[in-house]
**Q** 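Got a structure for you, questions after.
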Amino acid sequence: APSLPYKSVKIANVSQLSPNKPVTFNYPDASSPAILVKLGKPAIGGVGPQQDIVAFAGTCTHMGCPVQYQGERFVCRCHFSMFDPAKAGQTYQGLASSWLPQITLTVDKKGDIYATAVNGLIWGRVKNI
Ligand code: FES
């Protein structure tokens, strides 16, 4: 497989996370908000002991408004798009037609969680890194 030039960035440690308490960070660069969350149930692409820790771009794929984690889903308040964090960011309501880009995570032996890539195109970009 080709190696991607995404940087590996430490976000948090597994021990710091509580279910449904999101952690914000930026990835792959300072102008790209992102959200990490422990869902409390297994998720597609989930990492950690329960395979329930996921991260997504924090920018709605419709017109770029910020999304918020609320009620076990990501919601965009601009036009009420909703994205399922357990199903790889699938959009299921509202005007967005593209899924929310999922950020690939890895966990090391100490429980440190790293962002390592973005799976999908962040709104406003013409290409991935
Ligand atoms: Fe998010 Fe329109 S910008 S639904």
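Both counts, for ligands and for their atoms, begin at 1 and track the order of listing.
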**Q** With sequence neighbours excluded, what pairs up with S97 under the side-chain hydrogen bond (donor to acceptor under 3.5 Å, both in side chains) test?
**A**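 For S97 there are no side-chain hydrogen bond (donor to acceptor under 3.5 Å, both in side chains) partners, ignoring immediate neighbours.
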**Q** Which donor-acceptor pairs under 3.5 Å do the side chains of residues 26-39 make with protein atoms, sequence neighbours left out?
**A**
unit_1	atom_1	unit_2	atom_2	d
Y27	OH	K7	O	2.5
Y27	OH	T116	O	3.4
Y27	OH	A117	N	3.3
D29	OD1	S31	N	3.2
D29	OD1	S31	OG	2.9
D29	OD1	S32	N	3.4
D29	OD1	S32	OG	2.8
D29	OD1	R125	NH2	3.3
D29	OD2	R125	NH2	2.8
S32	OG	R125	NH2	2.7
K38	NZ	Q50	OE1	2.9
K38	NZ	D52	OD1	3.3
K38	NZ	D52	OD2	3.0

**Q** Is any side-chain heavy atom of E72 less than 4.5 Å from a side-chain heavy atom of N20?
**A**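 The answer is yes, as the side chains (C-beta and beyond) meet within the 4.5 Å cut-off.
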**Q** Test of understanding: with side-chain hydrogen bond (donor to acceptor under 3.5 Å, both in side chains), list the residues that count as partners of Y114, not counting sequence neighbours.
**A**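 Testing Y114 for side-chain hydrogen bond (donor to acceptor under 3.5 Å, both in side chains), a comparison that skips the adjacent residues, returns none.
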**Q** How far apart are the closest heavy atoms of C60 and L100, and which atoms are they?
**A**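 So the two residues come closest at CA-CD1, 4.4 Å.
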**Q** Mark yes or no for whether T61, through its side chain, and W123, through its backbone, hold a donor-acceptor pair below 3.5 Å.
**A**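 Looks like no, no N/O pair under 3.5 Å.
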**Q** Strictly under 2.8 Å of atom 1 (Fe) of ligand 1: which protein N/O/S atoms qualify?
**A**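 Protein N/O/S atoms under 2.8 Å of atom 1 (Fe) of ligand 1: C60 SG, C76 SG.
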